[in-house]
Amino acid sequence: MALQRPKGTQDHLPDGSSGSHSKAARSDTRAEAFAHVTETARRILTRGGARLIQTPIFEEADLVRRGVGGSTDIVRKEMFTVHYFGDHGGFILRPEGTAGIVRAYLENGLKQWPSPLKLWTHGPMFRAENVQKGRLRQFHQVDYEVIGVADALIDAEAIALMVEVVQTLGLKGARVKLGSIGDPADRETYNGYLRETFTPHFERLSDDSKDRLERNPMRILDSKSQTDQALIAELGVRPMLDFLGEAAAGHFTQVRGYLDAWGVGYDLDPSIVRGLDYYRRTAWELHHEGVGAKSALGGGGRYDGLSAELGGPEIPAVGWAFGIERLLIALDAEGIELPQQAGPLLFIAALDPEHTGLAAQIALQVRAVASAEFAYRALKPGNVFKEAERRRATYAALIGSEEAASGSVTLKHLQNGTQHHVNVNDLNAFLLEPS
RNA sequence: GUGGGUUUAGCUCAGUUGGUUAGAGCGCCGCUCUGUGGAAGCGGAGGCCGGGGGUUCAAGUCCCCUAAUCCACCCCA
């Protein structure tokens with residue numbers, strides 16, 4: 001096929017655009033379902049005081065490398081770089097939202113706003129990954145960040161908000177997996193412990209885990225290899241939570257205390273490892289069985305170290321993001337139908353070509369108070385209703401010579417079948433009456 | 001980067017052991033229907049069978065390459 005979108009991208013089409021209303025477009029490409037997710041997130045997050053922020057979808061390469069972390073797969077092999085003529089270090093299509101938001105916070109002096117500053121955004125992210133279920137090269141996230149406060153109360157609020165967004169959309173099967181990766185010193189201690197523990201048994205590790213032992217030993221713990229899991233059990237490997245320092249342990253206890261008190265459910269998961277380097281302490285993922293191999297809808301955590309890493313002052317922060325495509329997959333798996341754009345309140349058509357302009361004029365008049373569409377050409381009476389029905393209109397109106405002469409329309413409510421002659425001057429008011 | 005499956009109309013799919021002009025359902029357009037919709041009937045448009053190469057008298061069908069897509073590994077949302 002000559003015309004083909006780039007690998008790992010999707011067109012977001014109007015809902016139902018495959019032709020029939022009974023057969024929806026593919027669940028992961030419905031533009032109106034997407035909009036419903038972001039609108040729901042906006043409503044919930046802004047109620048909590050979050051302000052909308054939008055940052056560029058490309059950033060300086062150096063910002064992304066330092067923000068995400070040089071040891072991550074994202075930086076090692078998944079970046080889309082932007083080249084152009086000129087003497088410059090290059091740009092990168094953003095693989096996640098946090099680094100750009102923290103950059104904007106520092107660059108624009110947002111620290112003078114009341115603290116903590118709660119921000120939210122949504123938009124496309126880019127990773128040069130191989131494609132599979134719920135994994136795209138351009139995907140979309142809803143992103144929430146709270147900058148400026150280190151208190152555990154803020155972590156707990158962030159988790160509660162994330163859960164509220166997906167539950168408000170109707171999702172039932174999502175579970176929070178909660179852990180803590182401690183402070184950097186704690187993690188260093190723990191990684192040392194893991195290396196000491198596994199190195200004598202190096203040959204028994206899977207090939208992937210042999211790699212992990214050097215790069216990121218914590219990854220061994222959630223390996224899918226049965227031999228790895230058997231070895232972990234046999235050695236009685238202790239969890240990260242045992243190695244939390246006093247400060248991190250206290251913080252984690254507080255987070256859990258708030259969630260318990262508020263009735264926000266979660267599963268304690270000591271093997272939680274975040275993919276990005278900047279995380280500290282609280283880390284969590286939101287999982288759902290419907291979304292494929294990795295089952296993660298999204299994740300979040302505290303990243304008190306990022307600001308300094310980017311060259312700013314030490315500023316504590318916590319945030320999360322979820323993938324909109326993955327959320328739609330999960331909703332689809334639960335059979336949840338999201339609302340799509342409603343049809344017009346009025347569809348109006350003329351019976352004769354000389355009145356089509358009048359029909360359009362009336363539609364324009366009605367648009368002052370409601371949605372209205374018109375037929376661009378004259379229709380036979382039967383087809384007026386057929387066309388109105390196809391557009392899912394509430395009312396159909398037709399104009400023949402009698403109506404045109406008397407300045408009225410014949411108006412029919414398509415659901416209950418009631419019909420009236422309404423003067424054009426009274427039409428707007430009539431349409432607004434409850435039917 | 002690796003392994004496996006798939007690719008025929010807008011969508012979901014048939015297509016015999018290779019053999020004339022490639023089919024169905026839904027959808028789309030029109031007619032029956034010039035003052036009343038959802039139905040039904042009839043008619044129509046729409047395909048270089050993902051792309052390229054090869055075998056053959058003959059390829060949607062067999063072989064090779066390639067792309068996309070789906071599932072999985074690594075890893076992430």
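Note on naming: letters A, B, ... go to the chains in the order of the sequence lines (proteins, then strands), and numbering restarts at 1 for each one. No experiment lies behind these values; they were computed from the predicted model shown.
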Heavy-atom closest contact (A:Gly8 atom, A:Leu136 atom, distance)
O-CB, 3.4 Å
With rounding to whole Å, what would you report as the distance between B:A39 and B:G50 at their C1' atoms?
39 Å
Test of understanding: with side chain to side chain donor-acceptor pair (under 3.5 Å), list the residues that count as partners of A:Tyr144, not counting sequence neighbours.
none
How is A:Gln419 classified with respect to the nucleic acid when contacts are heavy atoms under 4.0 Å: base, sugar-phosphate, or nothing?
base
Atom NE2 of A:His413 and atom P of B:G37 are separated, to the nearest Å, by 17 Å
Considering residues at least two apart in sequence or located in another chain, which fulfil the side chain to side chain donor-acceptor pair (under 3.5 Å) criterion with A:Glu39?
A:Arg42
Could you list by number each residue of residues 130-143 of chain A showing a heavy-atom separation from RNA chain B of less than 4.0 Å, or answer none if no residue does?
A:Asn130, A:Val131, A:Gln132, A:Lys133, A:Gly134, A:Arg135, A:Leu136, A:Phe139, A:Gln141
Would you kindly give the CD-to-P distance between A:Gln229 and B:C73, to the nearest whole Å?
14 Å
For the C1' atoms, the ones on B:G52 and on B:A14, what distance do you get once it is rounded to whole angstrom?
27 Å
Nearest-angstrom distance, P atom, B:U20 to B:G60:
10 Å
Which residue pairs satisfy the ring pair (Phe, Tyr, Trp, His ring centres under 6.0 Å) criterion with at least one member in residues 200-226 of chain A, sequence neighbours excluded?
none
Given atom CZ of A:Arg391 and atom C1' of B:G37, what is their separation to the nearest angstrom?
13 Å
Whole-angstrom distance between B:U8 and B:U2, as gauged at atom C1'
30 Å
Whole-Å distance separating the CZ atom of A:Arg219 from the C1' atom of B:C74
10 Å
5'-most by nearest nucleotide on RNA chain B - A:Leu351 or A:Gly299:
A:Leu351
Atom pairs, protein N/O to nucleotides 38-41 of chain B N/O, distance under 3.5 Å:
{"unit_1": "B:G38", "atom_1": "N2", "unit_2": "A:Glu389", "atom_2": "OE1", "d": "3.2"}
{"unit_1": "B:G38", "atom_1": "N2", "unit_2": "A:Glu389", "atom_2": "OE2", "d": "3.1"}

Does CD in A:Glu188 sit with more than 12 non-hydrogen atoms of other residues, nucleotides or ligands closer than 6.0 Å?
no
What pairs of donor and acceptor atoms, side-chain ones from residues 351-363 of chain A against any protein atom, are under 3.5 angstrom apart with sequence neighbours left out?
{"unit_1": "A:Thr356", "atom_1": "OG1", "unit_2": "A:Pro353", "atom_2": "O", "d": "3.1"}

How about A:His12 and A:His140: are their ring centres within less than 6.0 Å of each other?
yes
Which residues pass the side chain to side chain donor-acceptor pair (under 3.5 Å) test with A:Asp269, not counting sequence neighbours?
A:Ser271
Looking only at B:U36, B:A77, B:U69, the nucleotide nearest the A:Lys7 side chain is B:U69
What is the separation between atom CG on A:Leu328 and atom P on B:A77, rounded to the nearest whole Å?
18 Å
Using a 4.0 Å heavy-atom cut-off, does A:Ala388 contact any base of the nucleic acid, only the sugar-phosphate backbone, or nothing at all?
nothing
Greater than 12 external heavy atoms within 6.0 Å of A:Glu289's CD
no
Select base, sugar-phosphate, or nothing to describe what A:Gly382 touches, counting heavy atoms under 4.0 Å on all strands.
sugar-phosphate
Under a 4.0 Å heavy-atom cut-off, which of residues 205-217 of chain A touch RNA chain B?
A:Asp208, A:Arg212
For A:Leu221 and B:C74, give me the distance from atom CG to atom P, rounded to whole Å.
14 Å
Nearest to the side chain of A:Pro381 - B:G30, B:G35, B:G37?
B:G35
Gap in Å between the two P atoms, one belonging to B:G15 and one to B:A72, rounded:
27 Å
How many Å lie between CG on A:Asp11 and P on B:G10, as a whole number?
15 Å
Anything under 30° is parallel, anything over 60° is perpendicular, the rest tilted; go ahead and classify A:Tyr279 against A:Tyr303.
perpendicular
Does a nitrogen or oxygen in the side chain of A:Arg390 sit under 4.0 Å from OP1 or OP2 of B:C28?
yes
Describe the nucleic acid contact of A:Leu398 in one word from base, sugar-phosphate, nothing, applying a heavy-atom distance below 4.0 Å.
base
Is there a donor and acceptor pair, one atom on the side chain of A:Lys380 and one on the base of B:U34, closer than 3.5 Å?
no
Let me have RNA chain B in dot-bracket notation, would you? Count Watson-Crick plus G-U wobble pairs, both distances under 3.5 Å, and use [ ] for pairs crossing earlier ones and | for inter-strand partners.
(((((((..((((.....[...)))).(((((.......))))).....(((((..]....))))))))))))....
By nearest nucleotide on RNA chain B, pick out whichever of A:His421 and A:Ala321 is the more 5' one.
A:His421
Hey, does A:Gly8 reach any base, or is it just sugar-phosphate, or nothing, if we go heavy atoms under 4.0 Å?
sugar-phosphate
Begin from the C-alpha positions of A:Asp62 and A:Arg66 and carry the test salt bridge (Lys or Arg N to Asp or Glu O under 4.0 Å) through to its verdict.
CA-CA 6 Å; A:Asp62 189 54; A:Arg66 289 201 305 188; 3.6 Å; yes
Output for pair (A:Ile44 CD1, A:Trp120 CH2), nearest 0.5 Å, gives 10.5 Å
Between B:G51 and B:U7, how far apart are the two P atoms, rounded to whole Å?
13 Å
Show which side-chain atoms of residues 158-176 of chain A pair as donor or acceptor with protein atoms under 3.5 Å away, not counting sequence neighbours.
{"unit_1": "A:Thr168", "atom_1": "OG1", "unit_2": "A:Glu164", "atom_2": "O", "d": "2.7"}
{"unit_1": "A:Arg175", "atom_1": "NE", "unit_2": "A:Asp267", "atom_2": "OD2", "d": "3.2"}
{"unit_1": "A:Arg175", "atom_1": "NH2", "unit_2": "A:Asp267", "atom_2": "OD1", "d": "2.7"}

Output the rounded distance in Å from CD (A:Glu145) to C1' (B:A77).
13 Å
All salt bridge (charged side-chain N to carboxylate O under 4.0 Å, His left out) counterparts of A:Glu285, not counting sequence neighbours:
A:Arg274
Might you confirm whether atom CD of A:Gln226 has over 12 heavy atoms from other residues, nucleotides or ligands at distances under 6.0 Å?
no
Can you give the donor-acceptor pairs under 3.5 Å from side chains of residues 370-388 of chain A to other protein atoms, not counting sequence neighbours?
{"unit_1": "A:Ser371", "atom_1": "OG", "unit_2": "A:Leu345", "atom_2": "N", "d": "3.0"}
{"unit_1": "A:Glu373", "atom_1": "OE1", "unit_2": "A:Arg391", "atom_2": "NE", "d": "3.2"}
{"unit_1": "A:Glu387", "atom_1": "OE1", "unit_2": "A:Arg391", "atom_2": "NH1", "d": "2.8"}

